[in-house]
Protein chains: 2
Amino acid sequence: MNAQAQHDDTRQRLISTAGEIFAEHGFKAATVRDICAKAGANVAAINYHFGDKLGLYIEAVQAAHCGGQDLLLQAWPESMPATEKLRLFIRKMLEHFLDDTQPSWKTRLMLRELADPTEACAKLVENYIRPMAEVLHAIGLELVTDQVSEEQRWLIGFSIVGQCLFYKVHRPVANLLLGAERQSILNIDVLAEHISQFSLAALGKALPVTCDGAALTDHIRRLHAVHN
Amino acid sequence: MNAQAQHDDTRQRLISTAGEIFAEHGFKAATVRDICAKAGANVAAINYHFGDKLGLYIEAVQAAHCGGQDLLLQAWPESMPATEKLRLFIRKMLEHFLDDTQPSWKTRLMLRELADPTEACAKLVENYIRPMAEVLHAIGLELVTDQVSEEQRWLIGFSIVGQCLFYKVHRPVANLLLGAERQSILNIDVLAEHISQFSLAALGKALPVTCDGAALTDHIRRLHAVHN
DNA sequence: AATTGTATTAAACATCTGTTTTAAATCAAG
DNA sequence: CTTGATTTAAAACAGATGTTTAATACAATT
């Protein structure tokens with residue numbers, strides 16, 4: 001193992017270890033000693049490789065959003081119906097956020113940065129969030145007509161993403177509210193189906209969540225009134 | 001000013017000052033010296049009145065959710081249509097979160113605690129979140145039929161709250177994404193109207209967001225197919 | 001007026017934390 | 001093998017941070 005390799009190795013080890021610890025405790029509460037200990041590096045390594053603690057943090061945030069967006073891009077054929085694209089988008093997003101099998105520090109760290117922005121935030125938004133927003137935007141253009149304004153399309157996007165984010169950011173609250181016996185609904189399949197149907201129904205591309213006979217009759221009557 | 005009054009005064013001053021600073025920086029990054037300085041108290045005051053820093057934090061979180069829920073309870077007459085109740089609920093919630101005129105440290109501190117729970121979280125959920133959830137629950141029972149399961153009603157509630165929370169927790173991101181010229185849509189009137197229509201449409205209680213003629217025809221045909 | 005319990009203050013303490021220094025080790029190039 | 005640059009290691013440093021101590025001020029009680 002030569003010096004360069006060793007160099008890159010500790011550098012990389014520091015970044016990923018720091019990512020985990022920053023994601024868990026936040027920038028201030030994470031200590032350089034803790035990071036170095038878990039990375040098997042000397043305390044001085046951080047300052048040598050990254051200048052200071054903030055430099056390491058910024059690189060960790062950058063590492064968190066490099067190679068992550070491919071999870072959401074080109075995941076479906078162009079010919080697929082827009083409603084199905086949205087369903088897939090929602091599902092991929094939930095998997096991305098809620099999948100516990102793979103290390104979750106990347107999304108946790110990014111969400112921390114987005115809620116509590118430092119100088120790393122702008123790059124994160126441009127490199128990671130905006131590409132996602134554009135994918136959603138494209139789906140939106142297919143789904144809704146030209147009569148829907150640009151601004152309204154942004155709001156629709158926020159409504160969809162907001163629903164998905166809730167289960168990541170406020171999962172502890174959802175757990176407490178639901179109680180032990182109802183936790184089962186907090187899995188990806190159920191949530192993806194619900195958010196998809198809720199959102200598509202809001203856009204008039206799926207049946208409303210309530211499918212009661214009388215309510216549906218009322219609803220259809222109302223629609224006809226507008227339509228004619 | 002007698003001793004007892006002075007006592008209560010510094011105690012209260014410490015709690016509200018701590019609330020502001022904890023809300024702004026989080027538990028770890030906030031320093032007792034900063035809190036005491038801004039509260040005009042001695043450094044030892046925190047340990048004298050609250051035992052330690054964590055004790056003060058817990059009292060600050062408690063102060064943040066005492067007397068705050070009345071903003072959401074009994075704000076409408078029982079006879080009001082459920083759709084209007086939901087509109088009001090959403091509006092009140094947004095005002096509660098986004099109103100910049102009143103000190104916002106209470107909601108910010110609560111959201112911090114909810115996203116990063118300490119021992120103060122359980123009480124916060126029971127005293128503040130659950131009452132709100134029950135109000136929303138009651139509206140939900142009026143809006144949807146008995147055919148909608150308990151679990152599904154929870155998910156509907158999370159969809160509504162998730163949309164509202166997005167603009168509080170991730171406002172910086174929304175700002176960056178929208179750019180300067182589109183910031184105007186991030187005001188309470190526009191957001192309340194959008195979230196209300198989006199959610200009511202999802203439940204079949206309002207027109208879908210897209211009101212294009214052809215799309216509407218398709219939509220109605222689909223509804224009829226289910227209805228008959 | 002003396003005493004007592006409570007609240008405030010200034011100072012000190014012990015530990016933690018980010019950073020720097022200095023020296024040793026490692027390794028590629030000449 | 002030597003040289004020179006790069007990386008690691010141990011120790012120390014300076015400042016910040018939560019907490020404690022001991023003295024003081026003050027109001028109520030005896």
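Chain A is the first sequence line, chain B the second, and so forth, proteins listed ahead of strands; every chain is numbered from 1. A quick note: this is a predicted structure, and the numbers were derived from the prediction, not measured.
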Verify the contact: side-chain N or O of B:H49 to OP1 or OP2 of C:dT8, cut-off strictly under 4.0 Å; return yes or no.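 So the side chain of B:H49 is within the cut-off, an N or O lying under 4.0 Å from OP1 or OP2 of C:dT8.
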
Are any of B:T10's side-chain N or O atoms less than 4.0 Å away from OP1 or OP2 of C:dA7? no

Between [atom2] of [N] and [atom1] of [X], the distance in whole Å:
{"X": "B:I46", "N": "C:dT9", "atom1": "CD1", "atom2": "C1'", "result": "15 Å"}
{"X": "A:F50", "N": "C:dT19", "atom1": "CZ", "atom2": "P", "result": "13 Å"}
{"X": "B:R11", "N": "C:dT6", "atom1": "CZ", "atom2": "P", "result": "14 Å"}

Does the ring center of B:F27 lie less than 6.0 Å from the ring center of B:F22? yes

Salt-bridged, B:E113 to B:K123, with N to O below 4.0 Å?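 No.
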
Looking at A:R87 and A:E193, is any side-chain nitrogen of the basic one under 4.0 Å from a carboxylate oxygen of the acidic one?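 Salt bridge present between A:E193 and A:R87.
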
Please tell me if the side chains of A:I58 and A:F50 come closer than 4.5 Å, counting only heavy atoms from C-beta onward. no

Do any N or O atoms of the protein come closer than 3.5 Å to N or O atoms of nucleotides 13-18 of chain D, and which pairs are they?
from: D:dG18; atom 1: OP1; to: B:A30; atom 2: O; distance (Å): 3.4
from: D:dG18; atom 1: OP1; to: B:K53; atom 2: NZ; distance (Å): 2.6
from: D:dG18; atom 1: OP2; to: B:V32; atom 2: N; distance (Å): 2.9
from: D:dG18; atom 1: N7; to: B:R33; atom 2: NH1; distance (Å): 2.8
from: D:dG18; atom 1: O6; to: B:R33; atom 2: NH2; distance (Å): 3.0

Scan A:A45 against the nucleic acid and name what it touches under 4.0 Å (heavy atoms): base, sugar-phosphate only, or nothing.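 If one applies the 4.0 Å heavy-atom cut-off, A:A45 turns out to touch nothing in the nucleic acid.
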
Establish whether the base of C:dA7 is bridged to the side chain of B:N42 by a donor-acceptor pair shorter than 3.5 Å. no

OG on A:S196 to CZ on A:R91, rounded to 0.5 Å: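 Answer for the CZ-OG pair, A:R91 versus A:S196, is 9.0 Å.
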
A:S159-B:H194 side chain donor-acceptor pair, cut-off 3.5 Å: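 Side-chain D/A pair, A:S159 to B:H194: present.
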
